[in-house]
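Okay, so here's the structure we're looking at.
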2 protein chains.
Amino acid sequence: MSLPHAILTALLEKPSSGLELTRRFDRSIGYFWSATHQQIYRELGRLEREGLIRALPSEQPARGQRKSYEVLPAGRAELSRWTAASQDPKPLRDTLLLRLRAAAVIGTAGLEDDLRRHLQLHERQLAEYREIERRDFPPGSDSAQDRLHHLILRAGIDLETFWTRWLRHALEEFADLPDGS
Amino acid sequence: MSLPHAILTALLEKPSSGLELTRRFDRSIGYFWSATHQQIYRELGRLEREGLIRALPSEQPARGQRKSYEVLPAGRAELSRWTAASQDPKPLRDTLLLRLRAAAVIGTAGLEDDLRRHLQLHERQLAEYREIERRDFPPGSDSAQDRLHHLILRAGIDLETFWTRWLRHALEEFADLPDGS
DNA sequence: AATGCCATGTAACCGGTTACATGATTTA
DNA sequence: TAAATCATGTAACCGGTTACATGGCATT
């Protein structure tokens, strides 16, 4: 029950067509809530049927024609409700940790290479976040919006920092392990 | 495609019935791969049909009778294959960050309380992990199994540490924000 | 006219979630 | 013997994933 609210947020930031939303879900919002174009079109249909958004009247709608949407008051209200509502954090769910647990039983053969690969990926993501921070949040940014966006980015940076540190630590342990096991 | 491998790992650690597995998925393995009893029974059925596990021949099977399972060689082979196979990390997906992004557009009203609640929950989880570390991994633990299990636990501890720090930082920012927005 | 890309969709599947059902065993 | 609990399941749903379809537009 989060995709509709992700879309409402994106449309409030800027009214968009399905494809534009899809592009934006490959960046910014997509960094912590990804979605494919199929999901997005399906959800846009639902939100319109429920009266939370509407197609901008400018253009005639047809297959292969751009349709832009904007948020209606009911949509804004629903987003406010959802944002303020108490929600439990989702329990951790991570296959890499699961594979380590399996390796403790059947041996670590083949795992080390993928740990190194993950380290690289996380380092790359961390560098990308840091570049965004440098570009979009120079020291002394001010508005409430900026501060909140920066806070979100900080979570991404700190998370990737955790992973890179932990993976380096894991690789050290591996180097130290009795061979093959 | 991870639940079957979580179950294979658990069964290799110790042959178990469905209910015993369910209990163990509330602790240990469940800390990073949770599962309900419905999932577990469905998956046990599949794994048995596919010849990766078998019911221990000791007892007659009947509804309401315990059935214990053990892993067959084919199951162990599949777990080895899966563990060594290269897998991409899943992109981050977090509703709390999404709610912050929404709050940047519609205002932060009501969010602060839930941030405080999340902070408490993460502090509690962190304390639980630390207690496990104190109990199960006294300084100078040695076997490869222990080192791997400790490594996994460390990931949990570091992740919860990240969340508690970040949430405290977020609450400071909130205290500093122009009122109501 | 054919090719390829842009834009919007439909359909089938799959794993996780929630609600409910049923048989066996223990306890009041 | 009724109620509670243990143990194993079935069924319906829901969101995310993958594969495929279709109409319009631009280029060659």
Side-chain angles (χ1 to χ4, degrees), chain A residues 1-8 10-11 15-26 29-30 32-50 53-56 58-69 82 87-95 98, chain B residues 1-8 10-11 15-26 29-30 32-50 53-56 58-69 82 87-95 98:
Chain A
M1 278 297 299
S2 296
L3 178 59
H5 304 97
I7 291 179
L8 288 172
L11 288 181
S16 305
S17 68
L19 190 69
E20 284 165 345
L21 280 177
T22 302
R23 301 259 180 270
R24 292 169 61 198
F25 272 81
D26 288 337
I29 287 194
F32 50 91
W33 204 271
S34 58
T36 63
H37 79 273
Q38 293 89 336
Q39 280 177 279
I40 288 170
Y41 286 117
R42 175 166 47 174
E43 203 59 46
L44 283 173
R46 277 181 203 156
L47 289 168
E48 190 177 23
R49 273 199 309 281
E50 291 168 11
I53 64 174
R54 65 162 184 181
L56 284 178
S58 51
E59 311 289 335
Q60 77 288 18
R63 208 181 175 100
Q65 294 284 69
R66 302 174 79 85
K67 258 194 302 184
S68 273
Y69 294 91
W82 178 81
Q87 299 178 41
D88 284 335
K90 283 218 137 189
L92 179 57
R93 208 148 236 266
D94 188 279
T95 55
L98 193 51
Chain B
M1 274 297 297
S2 298
L3 178 58
H5 304 97
I7 291 179
L8 288 171
L11 288 181
S16 306
S17 67
L19 192 68
E20 284 165 345
L21 281 177
T22 302
R23 302 259 180 271
R24 292 169 61 199
F25 273 81
D26 287 338
I29 288 192
F32 49 90
W33 203 271
S34 58
T36 63
H37 79 272
Q38 293 91 335
Q39 279 179 278
I40 288 170
Y41 285 118
R42 174 166 48 174
E43 202 60 44
L44 283 172
R46 276 181 204 156
L47 289 169
E48 191 177 24
R49 274 199 310 279
E50 290 168 13
I53 64 173
R54 66 162 182 179
L56 284 179
S58 53
E59 313 287 337
Q60 75 288 14
R63 204 182 177 98
Q65 294 284 70
R66 304 174 78 84
K67 259 194 302 185
S68 272
Y69 293 91
W82 179 81
Q87 300 177 41
D88 284 335
K90 284 220 134 186
L92 178 58
R93 207 150 237 266
D94 188 279
T95 54
L98 192 53

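Chain A is the first sequence line, chain B the second, and so forth, proteins listed ahead of strands; every chain is numbered from 1. Scope of the values below: all heavy atoms of this structure, side chains included, with no hydrogens, waters or symmetry mates. Computed from a prediction, not measured in an experiment: that's the story for all the values here.
An OP1 or OP2 oxygen of D:dG16 is reached within less than 4.0 angstrom by no side-chain nitrogen or oxygen of B:K90.
The side chain of A:Y41 has C:dT8 as its nearest neighbour among C:dC20, C:dT8, C:dG15. Among D:dT8, C:dG16, C:dT8, the nucleotide with an atom closest to any side-chain atom of B:L3 is C:dG16. Counting only heavy atoms from C-beta on, A:W33 has its side chain closest to D:dG16 among C:dT17, C:dT8, D:dG16. With D:dG16, C:dG16, C:dT8 as the candidates, the nucleotide lying closest to the side chain of A:S17 is C:dT8. Looking at the side chain of A:R93, the nearest of the listed nucleotides C:dG15, D:dT8, C:dG16 is C:dG16.
Counting to the nearest Å, the P atom of C:dA7 and the CZ atom of A:R42 are 22 Å from each other. Atom CD of B:E20 and atom C1' of D:dC6 are 12 Å apart (whole Å). Atom CZ of B:R46 is separated from atom P of D:dG9 by 14 Å (rounded to the nearest Å). A:L19 places its CG atom 19 Å from the P atom of D:dG23, with the value rounded to the nearest Å. One can place CD of A:Q38 at 14 Å from P of D:dA21, the figure rounded to the nearest angstrom. If you measure from atom CG of B:L21 to atom P of D:dG9, you get 12 Å, rounded to the nearest angstrom. Rounding to whole angstrom units, NZ of residue A:K67 and C1' of D:dG23 are separated by 14 Å. In this structure, B:R49 atom CZ and D:dG9 atom P are separated by 11 Å, rounded to whole Å.
Shown here for B:S34 and B:Q39, the closest heavy-atom pair between the two residues is O-OE1, 4.5 Å. Nearest heavy atom pair, residue B:A35 against residue B:L3, reads CB-CD1, 3.8 Å. Nearest heavy-atom pair, B:Y69 versus B:I53, reported as atom, atom and distance to 0.1 Å: CD2-CD1, 3.6 Å.
Residue-to-nucleotide proximity on DNA chain C shows that, of B:H37 and B:E43, the 5′-proximal contact is made by B:E43.
Counting any heavy atom pair closer than 4.0 Å across all strands shown, A:S2 reaches no nucleic acid atom.
One finds no salt bridge joining A:R23 and A:E20 here, because no Lys/Arg side-chain nitrogen approaches an Asp/Glu carboxylate oxygen to under 4.0 Å.
Few gaps surround CZ on B:R93; more than 12 heavy atoms of other groups in view lie less than 6.0 Å from it.
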